[in-house]
S.K.: 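What follows is a structure written as structure tokens; I'll ask about it next.
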Amino acid sequence: MPELPEVETIKNSLEPRVVGRTFTGVKIDDTRPLQNLKSAEFRRRLIGKTILSLKRRGKYMIFILSGGDNLIIHLRMTGALLWNPEGEEPFARIEFSFDDGGRLLYTDIRRFGTMWLVSDASTVTGKLGIEPLDNSFTPGYLAGILDSRPTPVKSLLLNQERIAGIGNMYADEALFHAGIHPLRPGNSLDKAEIKRLHSGIRQVLKKGIRNRGASIRNYRCPDGQTGTAHEEFAVAHREGQSCPRCGGKIARMVVGQRGTYYCPRCQPLKNNSKGR
DNA sequence: CATTGTCCCTGGAAGC
DNA sequence: TGCTTCCAGGGACAAT
């Protein structure tokens with residue numbers, strides 16, 4: 001499932017391959033991803049445009065084009081962007097071709113993925129919260145997100161309008177890193193815990209990027225290879241395995257309709273609101 | 001307004 | 001073995 005580190009990896013991988021290239025063709029086998037345009041208009045506005053640069057915002061990939069348009073793609077659960085794939089790709093939905101013969105294939109098993117072609121990117125990404133790897137994301141900023149909210153801390157981390165890019169896997173990893181139970185009310189965290197969570201968020205995201213993302217299910221890099229971040233996960237998708245810190249058994253529960261992995265011993269649920 | 005629940009979708013796992 | 005049922009989950013939207 002592409003979260004911030006996976007989308008960042010895709011961006012880094014595609015950047016040297018597509019920047020400067022001009023769209024020559026768009027083959028649309030599934031119109032479902034197209035959110036704001038019909039196929040013909042989408043194709044017409046794309047062909048002849050050159051990719052000037054790539055950006056990531058939260059879990060969104062943004063292709064900045066000549067002429068002022070932005071191609072924005074969200075891969076949701078099972079979407080992938082493959083560069084010059086070899087052989088037949090199953091679940092191919094949309095194929096972009098370029099003036100140098102290169103091909104960018106959008107595949108998506110479950111068809112949750114979405115894309116837009118808009119002149120103003122903020123119509124799509126405008127409501128997103130802070131980028132957790134920006135310098136402006138400080139422990140104090142995180143405190144503001146958590147403060148006076150009794151909502152489980154994990155649910156707050158997953159709210160894209162507060163912090164953009166953290167998904168289910170990295171939320172679990174960050175909470176483990178900080179030694180915080182996923183159900184702790186956001187407003188019950190003390191200053192030291194917020195600091196640990198802040199550093200946990202940044203560390204697990206950066207580590208995810210270094211490892212080219214986590215291939216828990218269907219995620220692949222544009223070169224078709226899998227990432228290795230999941231091999232270094234402490235708790236995410238590791239129910240029943242040993243906690244790397246205490247050796248105890250990793251447990252699974254449901255928080256906000258999402259499968260949640262944690263170490264009950266390292267992340268105790270105490271009702272502790274001292275100091276706040 | 002904030003929060004919770006439902007839905008979308010399909011391969012793979014689990015159950016019978 | 002083979003069929004059926006259930007599950008995963010980001011985010012839009014509806015309901016509370």
Side-chain angles (χ1 to χ4, degrees), chain A residues 1-10 29-36 56-62 72-81 88-94 106-116 118 121-132 144-175 182-188 201 205 208 213-220 226-227 229-230 233 235-240 250-262:
Chain A
M1 314 140 221
E3 304 180 19
L4 186 154
E6 287 73 28
V7 181
E8 182 72 15
T9 299
I10 291 168
D29 292 329
D30 182 14
T31 59
R32 196 182 253 86
L34 307 183
Q35 298 299 296
N36 69 319
R56 178 195 59 73
R57 180 77 173 92
K59 303 174 193 172
Y60 293 80
M61 265 293 309
I62 306 177
I72 306 181
I73 300 180
H74 195 303
L75 299 168
R76 300 287 186 107
M77 308 298 305
T78 57
L81 286 169
E88 238 0 67
E89 272 296 327
F91 319 113
R93 307 296 180 197
I94 297 180
Y106 168 81
T107 69
D108 189 7
I109 297 174
R110 276 147 81 178
R111 305 202 291 174
F112 282 176
T114 46
M115 58 179 83
W116 296 258
V118 291
S122 74
T123 57
V124 178
T125 60
K127 284 160 86 179
L128 290 176
I130 195 167
E131 284 289 328
I145 288 169
L146 302 175
D147 203 23
S148 64
R149 291 167 200 285
T151 311
V153 58
K154 177 170 178 183
S155 301
L156 293 172
L157 293 183
L158 293 178
N159 185 335
Q160 302 298 303
E161 297 184 14
R162 311 242 162 239
I163 318 180
I166 301 174
N168 204 35
M169 305 181 294
Y170 292 97
D172 285 354
E173 288 299 304
L175 288 166
L183 282 178
R184 286 279 303 284
N187 60 5
S188 76
I201 289 167
L205 293 177
S215 296
I216 283 288
R217 278 203 174 72
N218 305 282
Y219 166 75
R220 277 186 294 163
T226 53
H230 55 292
F233 278 168
V235 291
H237 296 269
R238 290 192 181 277
E239 183 181 15
I250 292 159
R252 181 184 185 277
M253 67 187 305
V254 175
V255 178
Q257 285 83 243
R258 300 293 178 247
T260 299
Y261 302 85
Y262 69 108

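Sequence lines set the chain letters: A, B, ... in the order given, protein chains first and strands last, and positions in each chain run from 1. Only this structure's heavy atoms are used, side chains among them; waters, hydrogens and symmetry mates stay out.
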S.K.: Rounding to a whole Å, what distance do you find between A/L4:CG and C/dG10:C1'?
M.R.: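 Atom CG in A/L4 sits about 14 Å away from atom C1' in C/dG10.
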S.K.: Within this structure, what is the NE2-to-C1' distance between A/H237 and C/dA8, rounded to whole angstrom?
M.R.: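 A/H237 atom NE2 is separated from C/dA8 atom C1' by 8 Å.
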S.K.: Which is true for A/R93 with a 4.0 Å heavy-atom rule: it touches a base, it touches only sugar-phosphate, or it touches nothing?
M.R.: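 Touches nothing.
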S.K.: Phosphate oxygens OP1/OP2 of B/dT3: is one of them under 4.0 Å from a side-chain N or O of A/R162?
M.R.: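 No.
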S.K.: Looking only at the side chain of A/Y60 (C-beta and beyond, no hydrogens), which of the listed nucleotides C/dA12, C/dG10, B/dT3 gets closest?
M.R.: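 Taking heavy atoms from C-beta onward, the closest nucleotide is C/dA12.
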S.K.: Mind listing the closest non-hydrogen atom pair of A/P5 and A/G208 along with its distance?
M.R.: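 Scanning both residues, the minimum pair turns out to be CB-C, 3.7 Å.
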S.K.: Closest to the A/Q160 side chain: C/dG11, B/dT3, B/dC9?
M.R.: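 Nucleotide nearest to A/Q160's side chain: C/dG11.
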S.K.: Looking at the side chain of A/N168, which of C/dA8, C/dG10, C/dA12 is the nearest nucleotide?
M.R.: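 Minimum distance to the A/N168 side chain belongs to C/dG10.
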S.K.: For A/N159 and B/dA2, give me the distance from atom CG to atom P, rounded to whole Å.
M.R.: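 Spelled out: CG on A/N159 to P on B/dA2 is 9 Å.
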S.K.: Between B/dC9 and A/R76, is there an OP1 or OP2 to side-chain N/O distance shorter than 4.0 Å?
M.R.: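 Negative; the distance criterion is not met.
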S.K.: Take the protein atom CE of A/M77 and the nucleotide atom C1' of B/dC7, then report the distance between them rounded to whole Å.
M.R.: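 Distance, rounded to whole Å: 14 Å.
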S.K.: With a 4.0 Å cutoff (strictly under), does any side-chain N or O of A/R111 reach OP1 or OP2 of B/dT10?
M.R.: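 A/R111 to B/dT10 OP1/OP2: side-chain N or O found under 4.0 Å.
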S.K.: Quick one: A/M115 CE to C/dA12 C1', roughly how many Å, whole number?
M.R.: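 My rounded result for the distance is 18 Å.
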S.K.: Using the side-chain hydrogen bond (donor to acceptor under 3.5 Å, both in side chains) definition, which of the options A/H237, A/K154, A/R258 pairs with A/N168?
M.R.: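 Testing each of A/H237, A/K154, A/R258 against A/N168, the sole residue satisfying side-chain hydrogen bond (donor to acceptor under 3.5 Å, both in side chains) is A/K154.
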S.K.: If only side-chain N and O atoms of A/H74 are considered, is one of them under 4.0 Å from the OP1 or OP2 phosphate oxygen of C/dG11?
M.R.: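 Yes, because at least one side-chain N or O of A/H74 sits under 4.0 Å from OP1 or OP2 of C/dG11.
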S.K.: Just N and O in the side chain of A/Q257: are any of them under 4.0 Å from OP1 or OP2 of B/dT4?
M.R.: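 Looking at the OP1 and OP2 atoms of B/dT4, neither is under 4.0 Å from any side-chain N or O of A/Q257.
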S.K.: Output yes when at least one side-chain N/O atom of A/K59 is less than 4.0 Å from OP1 or OP2 of C/dG11, else no.
M.R.: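 Indeed, a polar side-chain atom of A/K59 lies that close.
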S.K.: Of A/R258 and A/D108, whose nearest nucleotide on DNA chain B comes first from the 5' end?
M.R.: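 Going by which nucleotide is closer to the 5' end, it is A/R258.
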S.K.: Is there a side-chain contact between A/L34 and A/I94 (heavy atoms, below 4.5 Å)?
M.R.: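 Side chain of A/L34 against side chain of A/I94, heavy atoms only: contact under 4.5 Å found.
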S.K.: Do we see A/F112 stacking on the base of C/dG10, given a limit of 5.5 Å between centres and 30° between planes?
M.R.: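 Yes, the aromatic ring of A/F112 stacks with the base.
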S.K.: Between A/Y106 and A/F91, is the ring centre distance below 6.0 Å?
M.R.: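 No, too far apart.
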S.K.: Are any of the side-chain heavy atoms of A/R111 and A/D30 separated by less than 4.5 Å?
M.R.: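 Yes. Closest side-chain heavy atoms under 4.5 Å.
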